[in-house]
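To start, the structure itself, in structure tokens.
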Amino acid sequence: MDAFVVDGLAGEAVLSGTVVIEGAKNAVLPIMAAALVMDGETKLSNVPDIADVHSMISLLEGVGAYGTYAKGGTVSLRTQDARGTILDEALAKRLRASVLLTGAVLAKNGTVTFPHPGGCVLGSRPIDLFLDGFRKLGCSVSERSELYTVTADNGLSGGSVFFRVPSVTATETFMIAAVKANAPVTLENCAMEPEVVALADFLAKSGAVISGAGTPTIIIHPSHLEPPEEPFAIIPDRIEAGSFLILGALLGKSITIEDIRPDHLKALIESLRAMEVPVDIGQRTVTVSRPPTLRPIEIRTHEYPGFPTDLQAPMMILLTQVEGESSVIETIFDGRLNYVDDLVRMGADVRVWNPHKAIVKGPTPLKARDIDGPDIRAGLAFLLAAAVAVGQSRIGNAGLIDRGYAKIEEKLSGLGLNIKRVQ
Ligand code: EPU
């Protein structure tokens, strides 16, 4: 697999320029899944050219849809003949977001067979919320040879599903499935992420009667859906944007992040301000730079609108450069501090107390190393660590970073970092 070779800046805040943010990975994937329940051609714009989008097209093609990605970020999906009911096992095991297709295939074709979805190893990633929810909507669920089959013989019944914990993809999966149910569906304790709201917007533009997205209770009335006439624009990626904001606080002389929704980044912006990072907010831009000293802080990940777990690892890199003791409490996933060992090998003073808590003491200079990113976000964090370090690092598993970040080496070199992709 490819790797990135990065010349560290030894903590010098010299990066400057503008970086344009792509459409959101975690918004486009559920919208692509939702396109499946319709007959006709769905067109999407502002779609990032990332590996996960191409995997989702392949998964859709595996059940009989036809999809294309055109340069410039448009996707077209033709789904009328998508009568397949079995998700490609190898692909579904690589991509957690494949689980989004379970609701769509079930709603369209009455049954779906799929493996336990794979994806980033962030700890245990169960699917009980999905299986319980399907049962509550009148489906039968069976498991054989590590494959699940969910069947709705007479269509999905209406009713209500209360999620034990707010899950982003479970909320989205049931929003998609519910548009074809026999009666209204009420979802409670829903995730409130902007990507959930974006999916509701897409469904509403396609004719769905749906209310409450962005609050804990979402109500979906069954309706006939047709793809919107105009291409549907994907919202900006708040995690890509947030990663560059953190880079700006770490090494920015002045970095402007463009084409974003600053209102989707409030928890990060408030945290950076509490650390005395200068953050200048425009309509669709944020400008950020490294302050003379960074103040310590406690970061506690939380469902939206709290601090995103997907920015926890990038933020940890910044905390290694802070004067004093900071703490990180990871409340969403139990394996999301596993990358810390490698960071410690680079010279960071981070002590992990338990799978959910780490104490960081700084500032510590980081030494260049050859390391592999374990998941998309920790991979990006290692690029930040390599950028601030002394010497040349090699960050392996570039393909993992490519799953979430388009043209990352181009964007970082555009800001003045010496980075290249090698085989
Ligand atoms: N959970 C269960 N049972 C389930 C499903 C989830 O216990 O059936 C738990 C999880 O173990 C976790 C919590 O619920 O403790 C919340 O996880 P959630 O289901 O919300 O995560 P997800 O839907 O699998 C999405 C993003 C992740 C992001 C999380 C949290 C997509 C495709 N993925 O995952 O993004 O970290 O929400 O915000 O939207 C990434 O982009 O790199 C990424 C991992």
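Whatever order the structure lists them in is the order used to number ligands and atoms, beginning at 1.
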Item checked: Sequence-distant partners of Ser243, side chain to side chain donor-acceptor pair (under 3.5 Å), two or more places apart -> Tyr405
Next item on the list: Taking the side chain as every heavy atom from C-beta outward, state whether Phe174 and Val185 have any pair of such atoms under 4.5 Å apart.
Entry: no
Checklist line | Atoms of ligand 1 close to Asp128 [distance to a heavy atom under 4.0 angstrom, numbered from 1] | finding: 2 (C), 3 (N), 4 (C), 7 (O), 8 (O)
Check: Under 3.5 Å between some N or O of ligand 1 and some N or O of Leu129?
Finding: yes
Item checked: Side chains of Glu193 and Asn26 in contact at under 4.5 Å (non-hydrogen atoms) -> no
Item checked: Qualifying residues under ring-ring contact (aromatic ring centres under 6.0 Å, His included), relative to Tyr304, sequence neighbours excluded -> none
Next item on the list: Answer yes or no: does an N/O atom from Ile332 fall short of 3.5 Å to an N/O atom of ligand 1?
Entry: yes
Notebook entry, point to check: What are the two closest non-hydrogen atoms of Met56 and Ala97, and how far apart are they?
Noted result: CE-O, 3.7 Å
Notebook entry, point to check: Do NZ/NE/NH1/NH2 and the carboxylate oxygens of Asp310 and Lys25 come within less than 4.0 Å?
Noted result: no
Margin query: Tell me the nearest of Asp237, Asp132, Asp310 to atom 36 (O) of ligand 1, using heavy-atom distances.
Written below: Asp310
Check: What are the atoms of ligand 1, with element, lying closer than 4.0 Å to any heavy atom of Arg377?
Finding: 40 (C), 41 (O), 42 (O)
Next item on the list: Identify, by atom number and element, the atoms of ligand 1 in contact range of Val165, meaning under 4.0 Å from any of its heavy atoms.
Entry: 9 (C), 14 (O)
Notebook entry, point to check: Mind checking whether Val168 has an N or O less than 3.5 Å away from an N or O of ligand 1?
Noted result: yes
Note to self: Counting only heavy atoms, tell me which of Ser98, Ala24, Ala97, Pro126 gets closest to atom 4 (C) of ligand 1.
What the structure shows: Pro126
Next item on the list: For ligand 1, find out whether one of its N or O atoms is nearer than 3.5 Å to an N or O atom of Glu172.
Entry: no
Checklist line | Per-atom contacts, ligand 1 versus Arg96 - under 4.0 Å to a heavy atom | finding: 5 (C), 24 (O)
Checklist line | Nitrogen or oxygen of Glu193 less than 3.5 angstrom from that of ligand 1 | finding: no
Next item on the list: Check whether any side-chain heavy atom of His356 sits under 4.5 Å from a side-chain heavy atom of Thr331, and report yes or no.
Entry: no
Notebook entry, point to check: With only distance considered, is Asn26 within less than 3.5 Å of ligand 1 through an N or O on each side?
Noted result: yes
Checklist line | Distance-only side-chain donor-acceptor flag, Thr74 / Ser45, under 3.5 Å | finding: no
Note to self: Looking only at side-chain N and O atoms, does Thr186 offer a donor or acceptor that is under 3.5 Å from a partner on Ser160?
What the structure shows: no
Item checked: Enumerated ligand 1 atoms positioned under 4.0 Å from heavy atoms of Lys25 -> 40 (C), 41 (O)
